[in-house]
Amino acid sequence: MRFIRLSFAQAVYNLRAYLRSARTVALGVVMPVGLLVILSWVFAHQGRIAAAAGYQISAIAFYAGGLTAYGLMLGTFTGVMVAVVSAREAGWLKRFRGSPMPPGSYLTGEIIFNVVISLALVIVMMVISTLVYGLHVRMVGLVAVFCYALLGVFCFTAIALAITRIITTPEMGSSVGPFVTITLSFTSGVFLPPNLMPHWLTSVSNYLPLEPLAQSMQYALAMHAGTGFELRTFIVLGIWGVVGFAVAQRTFTWQPLRR
Amino acid sequence: MTNVIEVSNLTKKFGKLVAVDNVSFAVHEGEIFGLLGENGAGKTTTIEILEGFQKANQGSVSVLGADPRHGHRDWRDRIGLVLQESDFDPLHTVNETLRLFASFFSRPRDVAETLEMVGLADKANERVGRLSGGQKRRVDVALGIIGHPDLLFLDEPTTGFDPVARREFWTVIEGLRETGTSIVLTTHYMEEAERLCDRLAIMSKGQIVAEGTSASLIGALGATTIRFELPSGVEVPTLCSITGAEFTVHDNMASVLLGNSLPEVLLRLLTWSQSTGTALNGFEVVRPTLNDVFLGATGSDE
């Protein structure tokens, strides 16, 4: 009970800082929405786009699904990395460690916070896609997108935590995060149809977290039958997440790296 | 008297560097214990071992009856920390920052009361990012005492304070002592140590080189200086033979360092001055300060 209360206190604390910072809101919501507007305008004449494995889906389903995954990774991966590294280097984590707060509640608070902002992003993306661009989504597809969003938060939080040990400054985190996310977006069928990329590159991307997430969200929004759940996505993101947390468990440090 | 901290034969090495070298001391319940030393003397390392952030190589440490490395949540609940450097999220108000921390402890102080104690009552709704350096340090102290600790660690709490803020801070610390909080303080301001600490230990190159109350440490130096302008027409040998003390002259100021012979020398000097009508301009009797003790003990004299 105390653990849950403290986790939510952390989440509320993070959320408050997030809402007060124009930069983080811009990065987390405005950028994916802006890209959705630009890219779907540029590619509107295409009508249908060849998504992964050659499925032809509507341009809006392609971009709504792909850019939601992109925004989720950008926000969670970069956000967790920057939040943890700046709290650590400021001595804030050390303070936490020296208090009776259970260490896990900090982490749980971070996850709850990212779930909240990610769900907000998904809602904004879905509302704009359906109302402005006339995307038709089945209820089951929408449920699938929300489930993928939770899976994505789990996975990207874990990977971010796992690499905080080598990220020495918040500035480093805020450049590594977007760099990795944008690079992966090109190879994962987010900005451009995957058939424009060399085959070997897309094959590698299949085993990285963004491609399965983006592709599953695109299909869940485009499909006319089925449940929208793909086992492959759960396996790939699940493994990345579990390995990420296992690495973080061993390497995570509460004390500033720079003295 | 109960001890809140017991340290015996503590040693900590970083590679070849011996940061803390076979140190032993105890802190009594309800006192302010000072750990003095130059930068790199081993103060912060010692304190971080006591706080449970670092592991000792040798020796035993007991803080509130527990080994800090295995200090559990109930133990942390009784301890307050003011770390040497720490920063806060600039986007939160002072109030919000304190409330988050208060939620960690089982018997927290009231936030408003805590802000009152550290002199930040009027800044409660100010964002932390808009505070001055001294005000941020007070937030630090507020976070240290918000949990109502039995034992408070203050690692160089007044570094960067202006003299007024430093004096105000001393009052805060003295108020805490009155509430029964035991305090371990590191500082390199001698005036601060002399004013606040019931007992203190001076560290140099990882070792404790002097320990006791500041009065006893100063008393142990056993030397007082007499100083005045050398009166015109008086030769140094004359002065020495009259008073029986080895005066030296520097920049026309005659001075001598005296131990037990102080009363006799003083009496002879003043009698001579009165009977011959010789004025002793700028006459002063200077008691040694903790600074002299410090310089003597650490061997960093000039």
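Chain letters run A, B, ... following the sequence lines, proteins first, then strands; residues in each count from 1. Keep in mind that the numbers below use all heavy atoms, side chains included, and drop hydrogens, waters and symmetry copies.
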Task: Under 4.5 Å from a heavy atom of chain A, the part of B:L81 involved - done: both

Task: Contact class of B:R78 relative to chain A, heavy atoms under 4.5 angstrom - done: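 Interface part for B:R78: neither.
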
TODO: Kindly assign one of parallel, tilted or perpendicular to the pair A:W92 and B:F101, based on the angle between their ring planes and the thresholds 30° and 60°.
DONE: tilted

Open item on the list: In terms of relative ring orientation, are A:Y13 and B:H92 parallel, tilted or perpendicular, with 30° and 60° separating the classes?
Closed with: parallel

Task: Sidechain N-carboxylate O distance under 4.0 Å for B:E51, A:K94 - done: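 Result for this pair is no, no salt bridge flagged.
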
What distance do [X] atom [atom1] and [Y] atom [atom2] have between them, rounded to the nearest 0.5 Å?
{"X": "B:D77", "Y": "A:M101", "atom1": "CG", "atom2": "CE", "value": "13.5 Å"}
{"X": "B:L91", "Y": "A:L19", "atom1": "CG", "atom2": "CG", "value": "10.5 Å"}
{"X": "A:R2", "Y": "B:S106", "atom1": "CZ", "atom2": "OG", "value": "8.0 Å"}

Taking atom [atom1] as the centre, does [X] end up with more than 12 heavy-atom neighbours from other residues, nucleotides or ligands that are less than 6.0 angstrom away?
{"X": "A:Q249", "atom1": "CD", "answer": "no"}
{"X": "B:Q135", "atom1": "CD", "answer": "yes"}
{"X": "B:R107", "atom1": "CZ", "answer": "yes"}
{"X": "A:Y133", "atom1": "OH", "answer": "yes"}
{"X": "A:F3", "atom1": "CZ", "answer": "yes"}

Contact check, side chains of [X] and [Y], non-hydrogen atoms, under 4.5 Å:
{"X": "B:L83", "Y": "A:R95", "value": "yes"}
{"X": "B:D74", "Y": "A:P100", "value": "no"}
{"X": "B:R73", "Y": "A:P102", "value": "yes"}
{"X": "A:W254", "Y": "B:F53", "value": "no"}

- [ ] Determine, stepwise, if the pair A:S99 / B:R76 fulfils side chain to side chain contact (heavy atoms under 4.5 Å, CB included).
- [x] CA-CA 6 Å; A:S99 83; B:R76 294 246 169 247; 5.9 Å; no

- [ ] Flag the one option from A:A17, A:A9, A:G91 with the top tally of heavy-atom pairs under 4.5 Å to chain B.
- [x] A:A17

- [ ] Let me know if A:R97 has heavy atoms under 4.5 Å from chain B in its side chain, its backbone, both or neither.
- [x]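 Both parts, backbone and side chain.
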
